[in-house]
K.L.:
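Pasting in a structure now, in structure tokens, and then I'll have a few things to ask.
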Number of protein chains: 2
Amino acid sequence: MDDAEDLVFRALADPTRRALLDVLVERDGQTLFELCTRMAGAGVTSSRQAISQHLDLLAAAGLVRVRREGRYRLHDLDTTPLAPLRERWVRPDERTDP
Amino acid sequence: MDDAEDLVFRALADPTRRALLDVLVERDGQTLFELCTRMAGAGVTSSRQAISQHLDLLAAAGLVRVRREGRYRLHDLDTTPLAPLRERWVRPDERTDP
DNA sequence: TTGACATGCAAGCAGTCACTTGCCTAACGT
DNA sequence: ACGTTAGGCAAGTGACTGCTTGCATGTCAA
């Protein structure tokens with residue numbers, strides 16, 4: 001099972017990746033080093049490679065867009081894959097979609 | 001990391017468990033055997049023990065309430081742990097909470 | 001009571017995951 | 001040109017995960 005939905009859920013399964021999303025939601029265009037610093041500040045102690053790999057996984061899930069600018073790798077958050085997820089597992093009697 | 005939030009996200013990381021939630025959202029009080037049958041019907045081929053372990057994990061995450069009735073084990077869905085999850089990673093400029 | 005049905009428990013196994021380690025490439029400043 | 005800065009690649013490792021296997025328990029019907 002390797003469809004898009006599965007990638008998103010598996011990406012969210014790790015606390016470090018969720019913390020990365022927490023940092024990314026505030027501002028687009030943060031570099032890898034910037035993210036490492038802010039993660040360390042948030043109490044998450046992960047190496048640069050570890051964080052880079054987490055970002056690769058988030059990118060594979062479509063949650064993060066990666067672009068190059070000079071020697072920097074900039075990261076933008078994309079929350080659109082989360083939209084269908086938010087409406088899932090709502091009881092039929094609790095649905096409020098008019 | 002073993003807090004409640006982490007349990008929920010890890011519980012959602014498995015496609016079989018998500019399929020179980022899909023089946024559970026329709027009706028409360030389904031037995032283990034009933035769930036096995038409906039899972040098989042949905043194209044998910046998992047043994048009874050496997051499904052039972054998945055349900056245990058969902059129960060540990062607070063997503064499923066388990067109760068006994070005679071020789072049956074009945075399962076009720078509880079979506080309240082999903083509520084905070086739905087409002088997460090929403091851009092500050094996209095927030096619409098009045 | 002006896003047998004069938006619904007489920008529980010626990011050890012073991014193979015695959016996956018997160019992380020490290022070590023070295024390499026590319027872009028900037030001086 | 002040279003060193004520094006930002007990041008890339010890939011193999012290896014320990015722990016965790018999902019699943020199986022085998023047997024045990026408890027409940028009901030006849």
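Remember, predicted model here, so these are calculated numbers, not experimental data. Chain letters run A, B, ... following the sequence lines, proteins first and then strands; every chain starts at 1.
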K.L.:
Need to verify one output field. Residue with the more 5' nearest nucleotide on DNA chain C, A:S46 or A:R68?
P.N.:
A:S46

K.L.:
Using a distance-only criterion (donor-acceptor N/O pair, under 3.5 Å, no hydrogens), is the base of D:dT5 paired with the side chain of A:R71?
P.N.:
yes

K.L.:
Take the protein atom CD of A:Q49 and the nucleotide atom C1' of D:dA6, then report the distance between them rounded to whole Å.
P.N.:
12 Å

K.L.:
Quick test of your reading of the model: are A:E87 and B:R86 salt-bridged, counting only N-O distances below 4.0 Å?
P.N.:
no

K.L.:
Measure from CZ on B:F33 to P on C:dA6 and round the result to the nearest Å.
P.N.:
5 Å

K.L.:
Would you mind reading off the distance between B:D56 atom CG and C:dA10 atom P, rounded to a whole angstrom?
P.N.:
12 Å

K.L.:
Salt bridge or not for B:R91 and A:D28, using N-O below 4.0 Å?
P.N.:
yes

K.L.:
Where the side chain of B:A50 is defined as all heavy atoms beyond and including C-beta, which of C:dA18, D:dC19, C:dG8 is the nearest nucleotide?
P.N.:
D:dC19

K.L.:
Using whole Å, what does the distance between atom P of nucleotide D:dT17 and atom CG of B:D6 come to?
P.N.:
9 Å

K.L.:
With distance as the sole criterion, do the side chain of B:Q53 and the base of D:dT17 form a donor-acceptor contact below 3.5 Å?
P.N.:
no

K.L.:
Would you kindly give the CD1-to-P distance between A:I51 and D:dA6, to the nearest whole Å?
P.N.:
15 Å

K.L.:
Does B:R17 pair with B:D56 as a salt bridge, N-O distance under 4.0 Å?
P.N.:
no

K.L.:
So does A:R48 reach the base of D:dG7 with its side chain, donor to acceptor, closer than 3.5 Å?
P.N.:
yes

K.L.:
Any side-chain N or O of B:S47 below 4.0 angstrom from OP1/OP2 of D:dC19?
P.N.:
no

K.L.:
Toward the 5' end of DNA chain D, which comes first, B:T45 or B:E69, by nearest nucleotide?
P.N.:
B:T45

K.L.:
Could you tell me whether B:D22 and A:R88 have a side-chain N and a carboxylate O separated by less than 4.0 Å?
P.N.:
yes

K.L.:
OP1 or OP2 of C:dC19 sitting under 4.0 Å from any side-chain N/O of A:H54?
P.N.:
yes

K.L.:
What is the separation between atom CZ on A:R17 and atom P on C:dC17, rounded to the nearest whole Å?
P.N.:
9 Å

K.L.:
Tell me: CG of B:L74 to P of C:dG8, nearest whole Å?
P.N.:
11 Å

K.L.:
Answer yes when B:R27 and B:E34 have at least one side-chain N-carboxylate O distance shorter than 4.0 Å, and no when they do not.
P.N.:
yes

K.L.:
C:dG8, D:dT17, D:dG18: which one has an atom nearest the side-chain heavy atoms of B:S52?
P.N.:
C:dG8

K.L.:
Rounded to whole Å, how long is the line connecting atom CZ of A:R73 with atom C1' of C:dA26?
P.N.:
15 Å

